[in-house]
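Count residues from 1 along the sequence. These values consider heavy atoms only, across backbone and side chains, with no hydrogens, waters or symmetry-generated copies.
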Amino acid sequence: TLSLHDALPIFFGRYIVGVTMFFYGFLHPQIWTYLLLGLVVYTLWAVVKNYKYVQDIRAMYLLPLLQVVSDIAVMSGMICGVVNLLMRKR
């Protein structure tokens, strides 16, 4: 069965917003300020969210990267699951 996680729209949403702002920033350079602010907030959130699991100051550099990799894995798994479900229904 296909199970959709409640936070899945947030996973996709934050990346869609980020990519949209990135490209829109070429037309309106002031957008870069908001994109940078969003990146800082995302980075801090990833560290705060995951630091409790490692409790090592050296991990602060890797936690945002691990969050991005984790998000991509969740989104990829969901896309593959939906495609697989749709292919079986044919």
Side-chain angles (χ1 to χ4, degrees):
T1 67
L2 179 64
S3 173
L4 296 178
H5 193 277
D6 291 340
L8 208 54
I10 296 171
F11 287 153
F12 282 100
R14 64 182 168 223
Y15 288 99
I16 290 169
V17 167
V19 168
T20 301
M21 288 177 71
F22 175 80
F23 288 111
Y24 195 61
F26 289 108
L27 298 173
H28 301 280
Q30 67 271 21
I31 295 294
W32 291 104
T33 304
Y34 297 109
L35 186 60
L36 182 60
L37 177 64
L39 185 61
V40 168
V41 169
Y42 179 81
T43 300
L44 291 174
W45 168 78
V47 170
V48 169
K49 175 185 171 203
N50 296 306
Y51 184 77
K52 61 186 170 192
Y53 300 112
V54 292
Q55 297 179 355
D56 187 338
I57 197 77
R58 295 173 297 176
M60 291 178 72
Y61 297 105
L62 291 177
L63 291 174
L65 176 63
L66 290 174
Q67 185 64 50
V68 170
V69 170
S70 171
D71 287 351
I72 291 170
V74 169
M75 291 185 294
S76 298
M78 190 272 184
I79 291 169
C80 288
V82 168
V83 168
N84 191 11
L85 182 67
L86 293 173
M87 296 301 264
R88 280 190 279 163
K89 285 191 173 189
R90 287 181 134 194

message: So which atom in Ala46 and which in Pro64 form the shortest heavy-atom distance, rounded to 0.1 Å?
response: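 Closest approach of Ala46 to Pro64: CB-CA, 3.8 Å.
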Over all atoms of both residues, closest heavy-atom pair of Met21 and Leu35: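 Heavy atoms only, the tightest pair is CE-N, 3.5 Å.
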[Y] reachable from [X] in the ILVMFWY side-chain graph, under 4.5 Å edges:
X: Leu66; Y: Tyr53; result: no
X: Val83; Y: Met78; result: yes
X: Leu86; Y: Phe12; result: yes
X: Ile79; Y: Val82; result: yes
X: Ile16; Y: Leu36; result: no

Under 6.0 Å from the [atom1] atom of [X], do we count more than 12 heavy atoms belonging to anything else shown?
X: Met60; atom1: CE; result: no
X: Tyr15; atom1: OH; result: yes
X: Tyr34; atom1: OH; result: no

- request: May I ask you to decide if the ring planes of Phe26 and Phe23 are parallel, tilted or perpendicular, using 30° and 60° as cut-offs?
  value: tilted
task: Rounded to the nearest 0.5 Å, what's the gap from CZ on Arg58 to CG on Leu63? Could you check?
output: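 Separation between the atoms: 12.5 Å.
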message: How long is the straight-line distance from CG of Asn50 back to CG of Leu62, given to the nearest 0.5 Å?
response: 11.5 Å
- request: Please step through side chain to side chain contact (heavy atoms under 4.5 Å, CB included) for the pair Val68 and Tyr42, ending with a clear verdict.
  value: CA-CA 10 Å; Val68 170; Tyr42 179 81; 3.7 Å; yes
